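Within every chain, numbering begins at 1; the chains are lettered A, B, ... in the order of the sequence lines, protein sequences first and strands thereafter. Because the structure is predicted, anything quoted here is derived from the model rather than measured.
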Number of protein chains: 2
Amino acid sequence: MSSYVTHLESALDGTNLAAHTLQTTHRDRPLWVRYDLEAVGDALTKDRLRDRPPTMWRYRELLPPESDDAIVTLGEGMSPLLPCPRLGAQVNVGDLWIKDEAQLPTGSFKSRGLSAAITMAKELGVERVAIPTAGNAGGATAAYAARAGLAAYVFMPEDAPAVNKYEAALAGAHVFLVNGLITDCGRIVQDGKERMGWFEVSTLKEPYRIEGKKTMGLELAEQFDWDLPDVILYPTGGGTGLIGMWKAFNELVELGWVDPDDLPQMVAVQSTGCCPIVRAFEAGARFAEPFEDPATIASGIRVPSALGDFMILDALRESGGRAVAVDEARIRDWMQRAASTEGVSVGPEAAVCVGAAERGAAEGWIGPGDRVVIYNCGAAQKYPDVMARDLPRVDKDAPDWDRIAAGRAPTTER
Amino acid sequence: MSSYVTHLESALDGTNLAAHTLQTTHRDRPLWVRYDLEAVGDALTKDRLRDRPPTMWRYRELLPPESDDAIVTLGEGMSPLLPCPRLGAQVNVGDLWIKDEAQLPTGSFKSRGLSAAITMAKELGVERVAIPTAGNAGGATAAYAARAGLAAYVFMPEDAPAVNKYEAALAGAHVFLVNGLITDCGRIVQDGKERMGWFEVSTLKEPYRIEGKKTMGLELAEQFDWDLPDVILYPTGGGTGLIGMWKAFNELVELGWVDPDDLPQMVAVQSTGCCPIVRAFEAGARFAEPFEDPATIASGIRVPSALGDFMILDALRESGGRAVAVDEARIRDWMQRAASTEGVSVGPEAAVCVGAAERGAAEGWIGPGDRVVIYNCGAAQKYPDVMARDLPRVDKDAPDWDRIAAGRAPTTER
């Protein structure tokens with residue numbers, strides 16, 4: 001099949017731009033991808049979905065490539081949606097769920113956005129992509145570029161997590177470590193675009209990562225049989241997923257598949273160590289000031305300045321949601337709590353949502369009967385430094401049975 | 001629904017044992033789970049599968065729990081089956097696929113076996129499970145035990161991979177590090193069973209991990225529309241998956257869903273650093289001698305002595321397959337090759353299968369038209385030490401553009 005995309009649209013001022021040609025931003029701000037939703041509604045029915053493979057590409061009519069042959073896929077999507085009653089009881093939320101995006105290619109939700117972005121880059125003739133990143137986006141870019149046969153250039157701060165550096169290099173990307181911050185990496189990509197022939201695939205610098213992330217919302221709707229939950233708690237860095245899900249829900253309303261009066265509250269969750277969106281939300285602003293000296297162990301949400309800040313803030317307000325910052329010092333504790341009560345390996349980013357759930361129940365913006373969903377955006381396993389702790393030792397020839405019998409798993413962090 | 005299990009059966013001598021009660025081994029060797037396949041055939045049709053969720057529990061009639069409520073799940077199963085033409089071209093295999101088990105809970109195929117084993121342990125009244133492990137089984141045991149509300153005791157060699165130690169502790173297991181080998185850990189579990197009330201869930205010490213792993217074969221058949229491939233390359237440590245898949249294929253033959261003349265060659269792949277099954281296969285033996293001083297960076301296949309050796313060897317011979325050992329020194333190179341040609345983050349265990357594919361094509365036991373499947377049993381991301389390498393640096397204020405332009409991704413290992 002071909003695409004139902006009609007045009008691209010500036011998120012800032014509504015200017016229309018041509019689709020089916022390489023686009024980046026408009027006035028340095030992101031673009032929406034717009035579809036002929038009436039035609040999509042004729043072509044796609046809920047029933048037709050049932051026979052399709054469990055990947056995000058099952059929502060093909062709501063995704064941008066012209067040709068099916070262009071699709072660059074590693075099987076991403078239809079991540080499990082897991083009921084979490086034990087964790088819910090601990091945080092006083094009666095109907096808590098985790099959507100486990102750790103079970104995607106490269107172990108994070110970045111795979112959705114990069115599958116879409118690399119698909120479109122390839123379809124539109126790009127040969128080399130570049131990205132500044134301090135986390136999981138580097139591994140995903142490298143993997144999808146390899147899958148597509150494109151060259152990838154990945155610039156990372158030298159203190160980025162080891163797993164993220166190595167996974168990108170393993171997948172054949174040209175990885176360079178920079179003695180600075182992600183903003184320094186971004187400047188190098190900016191400077192190199194022309195001379196190196198790079199197309200930049202970083203967050204919201206091209207139109208299609210939103211479309212990939214949108215499928216998190218489409219899947220959620222389908223998995224809950226088109227009855228959306230009351231509250232979505234979303235760990236917010238660049239915010240592409242939150243923006244994408246809100247777009248998805250509105251497209252589903254236009255298709256008549258979900259009830260417009262029944263959309264969830266979107267809640268952006270950040271750490272007290274880096275919470276520019278929370279500050280802007282509380283100040284009633286539409287744009288966020290850069291957050292000075294951001295510091296959080298959740299590298300994926302250490303984003304001091306988001307290109308789509310106004311898109312995030314608009315979605316929060318339109319949905320009757322909010323932005324909350326929770327205590328940086330408790331992130332490891334929340335990871336432990338989710339994993340030890342439910343067996344879900346929640347990464348440090350999503351861990352802040354456990355704190356937000358507890359806060360919401362205490363403050364009353366999560367009601368007793370509310371259905372609440374947390375997005376686990378990446379596998380805890382990718383963060384050995386964050387998980388690290390001292391573990392008790394046992395001698396092979398003389399095991400101390402009292403110690404083994406007494407031994408609770410150590411929950412004290414190092 | 002309830003279960004179609006009729007009884008358990010000693011794999012060694014065919015002795016029947018009662019199902020629906022806690023069983024371990026018979027004469028220290030593993031048990032098969034047997035079903036009333038005629039009744040299964042009446043209850044389950046290919047068509048009925050189409051409406052079921054994409055987890056391994058879609059094959060419910062071929063799985064052991066009495067009650068649906070007992071199922072302990074994190075959404076494991078229906079891992080993507082990815083065509084890999086570029087990698088295939090490099091190793092001269094025309095129709096190569098990877099089944100990507102890294103996209104399962106805790107990032108490895110261990111989740112299948114432990115989902116089944118913990119389900120049955122819980123259903124049969126177990127409160128505490130224990131396991132000696134040097135790898136991914138520890139994390140999976142901890143996660144499923146947490147999900148089930150059981151206590152888990154995990155004993156690991158102190159030099160086990162860091163991610164595996166920490167993921168188990170994060171999920172609340174009682175993790176103990178032992179100054180010895182996995183065999184020393186095994187002895188401690190053995191000694192502690194009675195005094196600690198532990199039920200041991202290590203490889204083939206209970207009957208149900210095979211049943212979980214069996215679903216790798218069921219999925220493969222369904223994903224290829226019940227037309228099985230010609231060759232399966234399986235990284236072989238304890239061999240549960242190979243044993244389980246061969247069992248699955250034979251059950252599908254009995255159900256009449258696959259052609260008995262069309263079963264794949266099963267190939268056990270090991271590293272030259274630890275290849276007891278290969279030695280036994282070549283010697284024409286049914287049981288393998290313990291491999292002295294095993295040494296491989298692929299920790300999951302560093303298994304010097306497998307409890308199910310004869311079950312593995314029987315499956316290889318019945319299928320017309322073989323056992324091959326490939327060069328330990330080339331594991332990192334094969335990982336790099338798979339990831340950089342196809343974007344699949346192949347762990348060190350599965351990497352040996354890339355070598356085996358190349359060997360098979362060269363030696364002619366993989367024919368030009370053969371369809372070949374590699375199982376990627378765990379995510380490369382869980383092995384930062386194996387992936388580690390030196391990466392080029394770029395100065396944030398004075399990027400060296402010649403170096404960036406020249407810079408191939410470094411493939412030299414550290």
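A/Arg389 approaches B/Ala169 most closely through the heavy-atom pair CD-CB, 3.6 Å. In terms of heavy-atom proximity, A/Thr73 sits nearest to B/Leu82 at O-CD2, 4.3 Å. Minimum heavy-atom separation, B/Met387 to A/Tyr166: CB-CB, 3.6 Å.
Of the atoms belonging to B/Asp51, it is side-chain heavy atoms, and not backbone ones, that fall under 4.5 Å from chain A. With a 4.5 Å cut-off on non-hydrogen atoms, A/Arg86 touches chain B through its side chain but not through its backbone. Residue contact with chain B, scored on non-hydrogen atoms closer than 4.5 Å, is absent for A/Tyr383. Only the backbone of B/Leu104 comes within contact range of chain A, judged by heavy atoms closer than 4.5 Å. Contacts of B/Arg337 with chain A are absent, with no heavy-atom separation under 4.5 Å from either backbone or side chain. With a threshold of 4.5 angstrom between heavy atoms, A/Ala148 approaches chain B through N, CA, C or O but not through any side-chain atom. Heavy atoms closer than 4.5 Å to chain A are found in both the backbone and the side chain of B/Thr106. Looking at B/Pro105, the atoms closer than 4.5 Å to chain A (heavy atoms on both sides) sit in the backbone and in the side chain alike.
Ranked by heavy-atom pairs shorter than 4.5 Å toward chain A, the options B/Lys382, B/Gln223, B/Met78, B/Met196 are led by B/Met196. Comparing B/Gly180, B/Ala152, B/Gly107, B/Pro83 by heavy-atom pairs within less than 4.5 Å of chain A, the highest count is held by B/Pro83. The candidate from A/Arg393, A/Glu158, A/Arg195 with the greatest count of non-hydrogen atom pairs under 4.5 Å with chain B is A/Arg195. Interface remark: of the candidates A/Asp191, A/Asp397, A/Val72, A/Asp191 forms the most heavy-atom pairs closer than 4.5 Å to chain B. Of the listed residues (B/Leu181, B/Asp184, B/Val154), the one with the most heavy-atom contacts under 4.5 Å to chain A is B/Asp184. Options B/Pro80, B/Gly75, B/Ser340 differ in how many heavy-atom pairs under 4.5 Å they form with chain A, and the most are formed by B/Ser340. When each of A/Ala168, A/Gly149, A/Cys84 is checked for heavy-atom pairs under 4.5 Å with chain B, A/Gly149 comes out on top. With chain A as partner, the option from B/Ser345, B/Gly192, B/Ala380 having the largest number of non-hydrogen pairs under 4.5 angstrom is B/Gly192.
Between A/Leu170 and B/Met335, the closest side-chain pair of non-hydrogen atoms falls below 4.5 Å. Between A/Phe155 and B/Ile404 the shortest side-chain heavy-atom distance falls below 4.5 Å. Using a 4.5 Å heavy-atom cutoff, the side chains of B/Gln381 and A/Gln381 are not in contact. The shortest distance between side-chain heavy atoms of A/Leu74 and B/Glu342 does not fall below 4.5 Å.
Identified by a heavy-atom distance below 4.5 Å to chain A, the contributing residues of residues 134-147 of chain B are B/Ala143, B/Ala146, B/Arg147, in residue-number order.
Atom CG of B/Leu177 sits about 12.5 Å away from atom CG of A/Asp395, to the nearest 0.5 Å.
Only one option out of B/Asn164, B/Asp385, B/Val163 pairs with A/Pro384 in a side chain to side chain contact (heavy atoms under 4.5 Å, CB included); it is B/Val163.
B/Glu127 CD: 12 or fewer foreign heavy atoms inside a 6.0 Å radius.
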